Protein chains: 2
Amino acid sequence: MHDPDHRAVTLADVARLAGVGESTVSRVLRNQGSFSKRTQAQVAEAVASLGYVPNRLAGMLAGAHGTAGAKLVGIVIPSLGNVVFPDLLSGAASVLDRDGFQSVIGVSDYDPAREEALIGALLSWRPAGLIVTGLEHTDGALARLRASGIRVVEMIDTDGPGLDIVVGFSNRAVGRDSARHLLARGYRRIGYVGHDVTRDLRAGKRLAGFTETLTEAGMPLHDREIAAGASSAAAGRAALDRLLARTPGLDAVYFSNDDMALGGYFHCLAAGLAIPDRLALFGFNALDITAAMPQPLATVRTPRRAIGAVAAERLGAGGPREVVDLGYDLIPGATA
Amino acid sequence: MHDPDHRAVTLADVARLAGVGESTVSRVLRNQGSFSKRTQAQVAEAVASLGYVPNRLAGMLAGAHGTAGAKLVGIVIPSLGNVVFPDLLSGAASVLDRDGFQSVIGVSDYDPAREEALIGALLSWRPAGLIVTGLEHTDGALARLRASGIRVVEMIDTDGPGLDIVVGFSNRAVGRDSARHLLARGYRRIGYVGHDVTRDLRAGKRLAGFTETLTEAGMPLHDREIAAGASSAAAGRAALDRLLARTPGLDAVYFSNDDMALGGYFHCLAAGLAIPDRLALFGFNALDITAAMPQPLATVRTPRRAIGAVAAERLGAGGPREVVDLGYDLIPGATA
DNA sequence: CCGAATTTTGGCAGCGCTGCCAATCTGATT
DNA sequence: AATCAGATTGGCAGCGCTGCCAAAATTCGG
């Protein structure tokens with residue numbers, strides 16, 4: 001362990017011990033091309049006895065120039081703290097693993113400048129493709145992406161022009177449908193509780209669709225309360241408290257997502273407000289936990305794993321620019 | 001975008017355009033060694049006009065043999081679905097970024113065999129060090145780790161012998177303290193609700209410490225219910241329901257973690273059981289959401305980000321084998 | 001204005017592996 | 001036994017970059 005002067009075993013060492021050529025070892029190891037059973041056995045033995053570990057750096061460098069292209073993709077997400085993104089990642093990973101791709105992940109913390117830097121960093125791995133989140137990027141990021149000449153998939157959001165491939169659903173439509181649902185249930189004095197929209201642009205688009213529909217129905221948004229910072233149950237609880245203190249007459253509240261909505265739910269419990277009679281609650285994301293609530297939360301389920309999987313799928317495929325809309329499901333629940 | 005025959009710009013191209021040698025460009029780009037202001041400007045201009053992106057693959061391959069060693073670390077975690085791991089990652093990332101390290105992440109899905117495969121895969125990136133989760137690994141994984149000769153940090157769990165550096169806290173002690181707390185509060189008929197322990201070994205250690213202390217106090221665990229599969233609020237709710245149906249007399253329940261406990265909380269709400277008078281609830285992890293509950297959950301806060309940060313820190317440092325215990329805090333909350 | 005000290009600079013040999021291609025071997029066929 | 005297609009195999013030139021080292025340019029003293 002932790003041996004400073006550790007002479008790494010190379011493919012040449014294996015070849016020597018196995019008594020075959022380097023390219024033969026390479027072929028056997030990658031199970032590509034042809035070789036005899038006997039050679040394979042010899043190589044396997046040499047590898048085992050030497051404890052050889054291939055050097056992917058060298059392999060990719062050498063292999064990346066021909067037809068092949070490195071079996072590597074870069075993924076940029078804004079956060080790991082929100083379940084959404086791990087779900088996207090695991091969806092992508094399932095496909096990537098199957099196809100023998102490695103992935104390098106970057107987390108931007110919802111910071112566009114950081115995203116640009118990350119894109120630069122990931123590009124320097126010479127990936128076969130890049131998966132990024134959302135449609136909004138800095139000019140610099142866009143320029144790098146274009147200049148790279150590789151396939152780029154933008155995931156989650158379909159509300160806007162994409163660079164290359166876009167996989168997701170319409171956040172605006174989610175907002176509209178959520179509004180339509182509340183309206184259909186007879187709610188009339190509707191409020192909104194959200195978090196910092198400058199960071200989470202998708203939440204902003206949902207809100208835009210939501211208010212749009214409300215306004216079209218002649219029932220504009222009654223009041224709104226925006227919590228500073230990231231979404232969380234605590235922020236949602238506090239924000240709902242403030243909202244109701246200011247505008248007590250609301251009969252329904254739309255939350256920027258389920259984390260916020262859960263906080264709102266807790267506020268109602270603590271304040272003794274009957275749900276949904278006194279106040280209806282509507283969220284977004286369909287977090288697993290919302291199904292375990294005494295009254296399942298009214299929310300919208302998005303195909304997160306599928307989005308990740310399709311994004312990974314499209315990355316490998318050739319083909320023209322495209323927008324893949326995977327839709328979503330409105331879950332009525334019991335809180336609205 | 002997605003241009004098949006894209007001739008990549010190389011360092012040589014930059015050198016040519018800037019009218020300097022390759023090594024000079026390399027030095028300027030890495031801001032290492034010495035060069036004149038004028039050269040720097042010329043190089044910068046050439047880089048900009050060509051849109052040059054360094055090839056890290058080549059850089060690492062070339063640079064990894066001397067004293068340096070690649071600026072890369074591998075991280076293996078069992079899951080992204082549980083907040084614990086993103087927290088560890090972001091703690092590690094904060095330090096790694098600062099020190100200019102790249103990280104490659106592997107997710108094992110709590111499968112030891114998969115972990116072994118991942119360790120092999122990560123090792124083939126020739127990282128300067130590896131951060132893995134927990135102390136339990138397959139023999140094969142252990143062998144590879146040892147053979148690699150690189151620094152290895154095992155994080156989270158300190159209950160057992162480590163390979164090299166261990167950073168975390170004692171899960172067994174958490175279990176003991178949790179039991180002591182419930183006992184001190186006067187609870188006597190104590191049950192346990194957990195999830196699949198064969199996958200989450202740390203939960204098993206907490207349970208072991210918990211039952212141990214209970215038994216020593218002459219107040220052995222009354223009953224337990226184990227949900228199949230991963231932890232979740234739904235699993236916790238259902239399992240508590242089953243447990244109480246079988247053993248109605250319990251006055252407190254220890255959960256394998258906060259997700260499960262949250263489910264238990266919801267069950268109590270739905271069933272109209274007063275907390276903590278009729279039933280006390282105790283969790284683990286101090287998820288943010290538990291602080292927003294009408295009655296904050298009694299739980300244990302672990303220094304997750306710090307563990308990740310310290311793990312990353314130690315990776316760079318030389319020094320002997322070591323165990324770093326970062327401790328934890330018991331949060332009394334209002335449910336126990 | 002000269003030599004020594006110091007700063008800049010460029011050439012080039014790898015890093016470990018893969019792609020390409022020619023050489024060798026195999027067995028079947030005539 | 002000679003011929004031939006197909007299976008196996010090894011040599012070697014890079015992939016793009018960095019480390020090393022000697023050469024060139026600059027600066028400093030006196």
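Bear in mind that the values here come from a model prediction, so they are computed numbers and not experimental data. The chains referred to below are lettered A, B, ... by the order of the sequence lines, with proteins before strands, and numbering in each begins at 1.
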Whole angstrom is fine here: how far is it from CG in B:D13 over to C1' in D:dC15? 14 Å
Give the rounded distance in Å between these two atoms: CZ of A:R38 and P of D:dA7. 19 Å
How many angstroms lie between atom OG of A:S103 and atom CG of A:L96, to the nearest 0.5 angstrom? 5.5 Å
Give a yes/no answer on whether the side chain of A:S34 brings an N or O atom under 4.0 Å of OP1 or OP2 in D:dG6. no
Using whole Å, what does the distance between atom C1' of nucleotide C:dG16 and atom CG of B:L61 come to? 6 Å
For D:dC17 and B:S26 - does any side-chain N or O of the residue sit under 4.0 Å from the phosphate oxygens OP1/OP2? no
Whole angstrom value for the distance that separates C1' of C:dT8 from CD of B:Q40: 13 Å
Counting just side-chain N and O atoms, does A:T39 come under 4.0 Å of either OP1 or OP2 of D:dT9? yes
Could you state the CG-P distance from B:L29 to D:dG19, rounded to the nearest angstrom? 13 Å
Toward the 5' end of DNA chain D, which comes first, A:F35 or B:L11, by nearest nucleotide? A:F35
Less than 3.5 Å between a donor and an acceptor, one on the side chain of B:R27 and one on the base of C:dG10, is that the case here? yes
Does A:S23 put a side-chain nitrogen or oxygen below 4.0 Å from OP1 or OP2 of D:dT9? no
Hey, does the side chain of A:Q32 come within less than 4.0 Å of C:dT18's phosphate (OP1/OP2), counting only N and O? no
Mark yes or no for whether A:D157, through its side chain, and A:D159, through its backbone, hold a donor-acceptor pair below 3.5 Å. yes
Please determine whether any donor N or O and acceptor N or O are separated by less than 3.5 Å between the side chain of B:R56 and the base of D:dG16. no
Here the pair of heavy atoms bringing B:L118 nearest to B:G106 is CD1-C, 3.7 Å
Rounded to the nearest angstrom, tell me the gap between atom CD in B:E22 and atom P in D:dC20. 17 Å
Mind calculating the distance between CG (B:L57) and P (C:dT18) to the nearest angstrom? 12 Å
Using a cut-off of strictly less than 4.0 Å, decide whether B:S36 has a side-chain nitrogen or oxygen near OP1 or OP2 of C:dT9. yes
Search all heavy atoms of B:V25 against all heavy atoms of B:A15 and return the closest pair with its distance. CG2-CA, 3.6 Å
What is the distance from CZ of B:R126 to C1' of C:dC17, rounded to the nearest Å? 11 Å
Within a radius of less than 6.0 Å around CD of A:E45, do more than 12 heavy atoms belonging to other residues, nucleotides or ligands occur? no
B:Y52 side-chain proximity, nearest of D:dC17, C:dG16, C:dG10: D:dC17
